[in-house]
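Residue numbers start at 1 and run along the sequence shown. Side chains are part of it too, since the values below use all heavy atoms of this structure and drop only hydrogens, waters and symmetry mates.
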Amino acid sequence: MAKQLDYHTLREIFTRFQDADAAPVGELDHVNVYTLVVAVALSAQATDAGVNRATKELFRIADTPQKMLDLGEEGVIAHIKTIGLYRNKAKNVIKLSRILVEQYGGDVPCSRAALESLPGVGRKTANVVLNMWWRHPAQAVDTHIFRVGNRSGIAPGKTVDAVERAIEDNIPVDFQLHAHHWLILHGRYHCKARKPQCPTCIIRDLCQYEDKTL
């Protein structure tokens with residue numbers, strides 16, 4: 001695990017990320033906050049591209065909690081059966097939809113605790129929704145961010161929670177809204193698990209990762 005980078009280095013790193021992509025966005029397709037919750041919940045142990053293929057038609061016919069309940073569990077399964085753990089995920093989609101209808105009048109709550117109380121919605125999912133929909137600077141740490149944070153020294157930590165705290169505590173506030181998207185995209189397309197693209201990395205000179213694939 002790399003040592004935590006200092007303030008000035010972090011500011012330079014995120015300035016470069018911002019210059020390369022001023023307004024990064026998530027890659028999960030959705031039409032409203034409810035479908036965003038469902039899409040992120042479905043994305044566990046699945047690729048964004050795979051989830052988008054599965055939800056393309058689903059969200060056309062079920063873009064509200066009530067419409068999803070009307071579709072039913074088997075109807076949801078018919079659309080998402082190409083996604084891993086689809087049966088359990090379909091159950092959770094129906095359960096969370098019922099809770100939203102019965103306890104929140106069909107609306108999606110905007111607190112982390114309320115979101116985490118929904119079946120299939122953990123802290124990472126809640127943080128994605130808070131960030132993408134309500135523009136709250138929540139940090140959704142996935143495998144990409146965990147890897148990049150520890151390799152580079154941007155946000156080192158032995159656990160997901162530790163990396164999340166390192167981001168919140170160390171990255172300058174003016175970069176926090178988009179921080180997790182910059183880190184996810186960097187990990188997905190550049191700082192890959194098996195073959196990191198170090199020679200073309202825009203933060204190569206600031207990163208603490210020893211193997212520069214030379």
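Here the straight-line distance linking atom NE2 of H79 with atom CZ of R60 works out to 10.5 Å at 0.5 Å rounding. In this structure, CE on M68 lies 8.5 Å from CG on D63, to the nearest 0.5 angstrom. Between atom CZ of residue R112 and atom OG1 of residue T125 there is a gap of 12.0 Å, rounded to the nearest 0.5 Å. Rounding to the nearest 0.5 angstrom, the gap separating the CG atom in N170 from the CZ atom in R165 is 11.0 Å. To the nearest 0.5 Å, atoms CD1 (I94) and CD1 (I99) are separated by 12.0 Å. Considering CD1 of I203 and CD1 of I13, their distance stands at 4.5 Å, rounded to 0.5 Å.
F146 and V160 get closest at one heavy-atom pair: CE1-N, 3.9 Å. V163 and P156 get closest at one heavy-atom pair: CG2-C, 4.3 Å. Nearest heavy atoms, S43 versus D48: CB-OD1, 4.2 Å. Contact record, G50 with I83: O-CG1, 4.4 Å, taken as the closest heavy-atom pair. Closest approach of A166 and Q4 over heavy atoms only: CB-OE1, 3.9 Å. Residue V93 comes nearest to L42 through the heavy atom pair CG2-CD2, 4.1 Å, listed as atom of the first residue, atom of the second, then distance.
Looking at heavy atoms from C-beta onward, N131 lies out of side-chain contact with H178 at the 4.5 angstrom threshold. Proximity of K192 to H144: side-chain heavy atoms (C-beta onward) are nowhere separated by under 4.5 Å. By the 4.5 Å heavy-atom criterion applied to side chains, C201 and H186 are counted as neighbours. At least one side-chain heavy atom of R87 sits under 4.5 Å from a side-chain heavy atom of I77. Here the side chains of L115 and V108 are in contact, with some heavy-atom distance below 4.5 Å. I202 has its side chain within reach of F17: a pair of non-hydrogen atoms, C-beta onward, lies under 4.5 Å apart. Using a 4.5 Å heavy-atom cutoff, the side chains of Q197 and K195 are in contact. Y34 is listed as a side-chain neighbour of S97, based on a closest heavy-atom distance under 4.5 Å.
Residues N127 and Q139 have side chains that never bring a donor and an acceptor to within less than 3.5 angstrom of each other.
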What's the verdict on side chain to side chain contact (heavy atoms under 4.5 Å, CB included) for R98 and Q103, showing C-alpha distance, side-chain angles and the deciding distance? CA-CA 8 Å; R98 183 170 291 110; Q103 298 184 22; over 6 Å; no
Evaluate the criterion side chain to side chain contact (heavy atoms under 4.5 Å, CB included) for residue pair R204 and Y209; output intermediate values, then yes/no. CA-CA 9 Å; R204 186 172 186 263; Y209 186 46; over 6 Å; no
Let me see the working for I154 and F14 under side chain to side chain contact (heavy atoms under 4.5 Å, CB included), right down to the final yes or no. CA-CA 10 Å; I154 290 173; F14 282 90; 3.9 Å; yes
Stepwise salt bridge (charged side-chain N to carboxylate O under 4.0 Å, His left out) test for E164 and R123: CA-CA 11 Å; E164 181 181 335; R123 186 177 182 87; 2.9 Å; yes
Worked verdict on H180 versus I145 for side chain to side chain contact (heavy atoms under 4.5 Å, CB included): CA-CA 7 Å; H180 94 274; I145 292 181; 3.7 Å; yes
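A donor-acceptor pair under 3.5 Å is absent between the side-chain atoms of T55 and the main chain of L58, judged by distance alone. Between the side chain of T9 and the backbone N or O of L5, no donor-acceptor pair lies under 3.5 Å. When atom types are taken as modelled, the side chain of R151 and the backbone of A193 share a donor-acceptor pair closer than 3.5 angstrom. Panel note: side chain Q176, backbone I167; a donor-acceptor pair is recorded below 3.5 Å. The backbone N or O of L28 lies less than 3.5 Å from no partner atom in the side chain of N52, so there is not a single donor-acceptor pair. Remark: the backbone N or O of K158 is not paired with any side-chain donor or acceptor of N150 at under 3.5 angstrom. Without hydrogens or angle criteria, K3 side chain to G153 main chain gives no donor-acceptor distance under 3.5 Å. The closest donor-acceptor contact from the side chain of R147 to the backbone of C191 lies under 3.5 Å. A donor-acceptor distance shorter than 3.5 angstrom exists from the side chain of T64 to the backbone of K67, with no hydrogens or angles considered. In terms of modelled atom types and a separation under 3.5 Å, the side chain of E210 and the main chain of Q208 share no donor-acceptor contact.
Residues V128 and W134 fall within the same hydrophobic cluster, defined by Ile, Leu, Val, Met, Phe, Trp and Tyr side chains chained together at heavy-atom separations under 4.5 Å. No continuous path of ILVMFWY side-chain contacts below 4.5 Å connects V141 to L36, so the two sit in separate hydrophobic clusters. Under the 4.5 Å side-chain heavy-atom criterion for ILVMFWY residues, a single connected hydrophobic cluster contains both L96 and I61. The hydrophobic clustering, which links ILVMFWY residues whose side-chain heavy atoms are closer than 4.5 Å, places L130 and I184 apart. Taking hydrophobic clusters as Ile, Leu, Val, Met, Phe, Trp and Tyr residues chained together by side-chain heavy-atom distances below 4.5 Å, V33 shares a cluster with Y104.
In this structure, H30 and W133 have perpendicular ring planes: the angle between them is above 60°, well past the 30° mark.
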